There are 2 protein chains.
Amino acid sequence: MNTSFKKRVVIIEDDVEIRNSYELIVNSSPKFFVLNTYDNCEDAIKQIHNDKPDIVLMDVELSGMSGIAGTKIIKDKIPHAEIIIISVYDNSEMVFEALRSGASGYITKSSNYIELLAALDEITKGGAPMSTKIARLVIDTFHINPNSPLSKRETQILQLISEGKTYTQISEELFISKDTAKSHIRNIYSKLQVNNKSEALAKATSDKLI
Amino acid sequence: MNTSFKKRVVIIEDDVEIRNSYELIVNSSPKFFVLNTYDNCEDAIKQIHNDKPDIVLMDVELSGMSGIAGTKIIKDKIPHAEIIIISVYDNSEMVFEALRSGASGYITKSSNYIELLAALDEITKGGAPMSTKIARLVIDTFHINPNSPLSKRETQILQLISEGKTYTQISEELFISKDTAKSHIRNIYSKLQVNNKSEALAKATSDKLI
DNA sequence: ATTTATATCACCCATTTTGGATTATTGTTT
DNA sequence: AAACAATAATCCAAAATGGGTGATATAAAT
């Protein structure tokens, strides 16, 4: 069969049955073919320059190097490769860690073969396939907290702090005295229960205040 | 027709042809029905407590209040409502602003009726429908910059700064002297071309260094 | 072999930030 | 009308930060 136009897929998954089943599914599509499958990242990485995959299907829970560590290394070695995480876990820490490490897709193991092929299609079109719950997790990180304890003015000043502005710069930008800027900032600290700018920014980020 | 089990949909879109076409598409599904359509946010907001929509399809480019401002107000008034933005624009500023304001979906106007209904289904299942390009924009915001100019130690210290730690706390946590911590921080400032912690954090965020 | 980058530590000095206490005006809500 | 929150301002003292300058040791790169 002529496979030159097909997208090259590598599978890294330690459960042999799941691995074989993924391989069958991927090879059932005329658009993709599986070059190689591995039960650990270390072996996959050794072969990565021979395989030159376009797409890597990556399990996270592996013996030895985790799928997240493996994702970092593979993206470092062949940045053009697109990595889709397939995991039983859909908790936020795991998902965000995987995405930070360079994955461009994240689907849960409950996905059926249609969803798996849809994910491969989506990544081929330049998208970022995600299972329902994952997509919502991701989108929710963008939402601003509508119950911010801060007033408009305080939020505005916190915004300026986040841009690295000093008391003086803030007072100049808002046409208020330095002491007034200070007064606002102290009120911000009191409301957020912090003691310095960086802590305020940490709190602002985790509580999505700005 | 008994519509009590159907999801209640409101459409806000100023182009009458597009508006009518959306209405037809949504009503063609047994799972949804259109309560009302509006050509501006102001009118929609006046009726929002009567309409009590489960889902709002929102255009961004409107005369009067923008769809983004409207999204904020609607989410404030009826937080359970899910808002899907439908826009011709798919540039990052627009997308991120819309998501920050409270939207849980963002699809482009090039979407066909299948994609529109798929988006409604996805949001009903608790997901976050996005067009291909939007999903990738969103996911890319998570990726850490693999070309960081900072050393491992410097990145570690920047991480501690982002948690609000002071020089003293950093030195204690890493078992180094205060002056060493300071020295690292100064090197970080020099590499990032900034002059204080907050600016460093702003730069770290925009360049995705941590 | 020599430079370069990294990580460590130190001292001086000026500026910035923070802590605490207090007052006053405006605007909104009850 | 009273109560409250937000905004604005000032004073003093203590702590933290930032800029200058220099040094040592080790590992990595050329």
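Here is how names work: the chains are called A, B, and so on, in the same order as the sequence lines, proteins then strands, and each is numbered from 1. Because the structure is predicted, anything quoted here is derived from the model rather than measured.
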Salt bridge A:Lys133-A:Asp90, side-chain N to carboxylate O under 4.0 Å:
yes

Is there side-chain contact between B:Leu99 and B:Met130, with at least one heavy-atom pair below 4.5 Å?
no

Given the rule in the side-chain contact (heavy atoms from CB on, under 4.5 Å) test, do B:Glu199 and B:Leu192 qualify, once you have shown the distances and angles that lead to the verdict?
CA-CA 9 Å; B:Glu199 263 191 281; B:Leu192 303 186; over 6 Å; no

Using a 4.0 Å cut-off on protein heavy atoms (strictly under), produce a 5'-to-3' string for nucleotides 16-30 of chain C with B for base contact, S for backbone-only sugar-phosphate contact, and - for none.
-SBBB----------

Degree of bending in the helix from C:dA1-D:dT30 to C:dT30-D:dA1 once both end axes are built from five pairs, to 10°:
60°

Apply salt bridge (Lys or Arg N to Asp or Glu O under 4.0 Å) to the pair A:Glu13 and A:Lys109, showing each step before the final yes or no.
CA-CA 11 Å; A:Glu13 159 66 56; A:Lys109 282 205 173 164; 3.0 Å; yes

Verify side-chain contact (heavy atoms from CB on, under 4.5 Å) between B:Lys197 and B:Tyr189, making sure each step is shown before the conclusion.
CA-CA 8 Å; B:Lys197 287 184 179 179; B:Tyr189 290 175; 3.2 Å; yes

Atom CG of A:Asn187 to atom C1' of D:dA9: distance rounded to whole Å?
12 Å

To the nearest Å, give me how far apart CD1 (B:Ile157) and P (D:dT17) are.
13 Å

A:Gln156 CD to D:dA6 P, in whole Å, measures 15 Å

So which protein nitrogen or oxygen atoms get under 3.5 Å of nucleotides 4-6 of chain C's nitrogens or oxygens?
unit_1, atom_1, unit_2, atom_2, d
C:dT6, OP2, B:Lys191, NZ, 3.0

Given A:Glu97 and A:Glu93, is the side-chain contact (heavy atoms from CB on, under 4.5 Å) satisfied, shown in steps?
CA-CA 6 Å; A:Glu97 258 312 294; A:Glu93 304 93 86; 5.8 Å; no

I'd like to know if A:Lys31 pairs up with A:Asp121 as an ion pair, taking the criterion as any Lys NZ or Arg NE/NH1/NH2 lying under 4.0 Å from an Asp or Glu carboxylate oxygen.
yes

Surrounding OH of B:Tyr89 (heavy atoms of other residues, nucleotides or ligands, distance under 6.0 Å), is the total greater than 12?
no

Can you measure A:Glu172 atom CD to D:dA8 atom P for me and round it to whole angstrom units?
16 Å

Side-chain touch B:Tyr106/B:Ile86, heavy atoms, less than 4.5 angstrom:
no

Between atom CD in B:Gln169 and atom C1' in D:dT17, what is the gap in whole Å?
14 Å

For atom NZ of B:Lys178, decide whether the heavy atoms of other residues, nucleotides or ligands shown that lie under 6.0 angstrom number more than 12.
no

So what does B:Ser177 hit on the nucleic acid, given a heavy-atom distance under 4.0 Å: a base, only sugar-phosphate, or nothing?
sugar-phosphate

May I have the step-by-step check of salt bridge (Lys or Arg N to Asp or Glu O under 4.0 Å) for A:Arg136 and B:Glu82, ending in yes or no?
CA-CA 12 Å; A:Arg136 176 51 77 104; B:Glu82 300 285 14; 3.1 Å; yes

Are any of A:Thr180's side-chain N or O atoms less than 4.0 Å away from OP1 or OP2 of D:dA8?
no

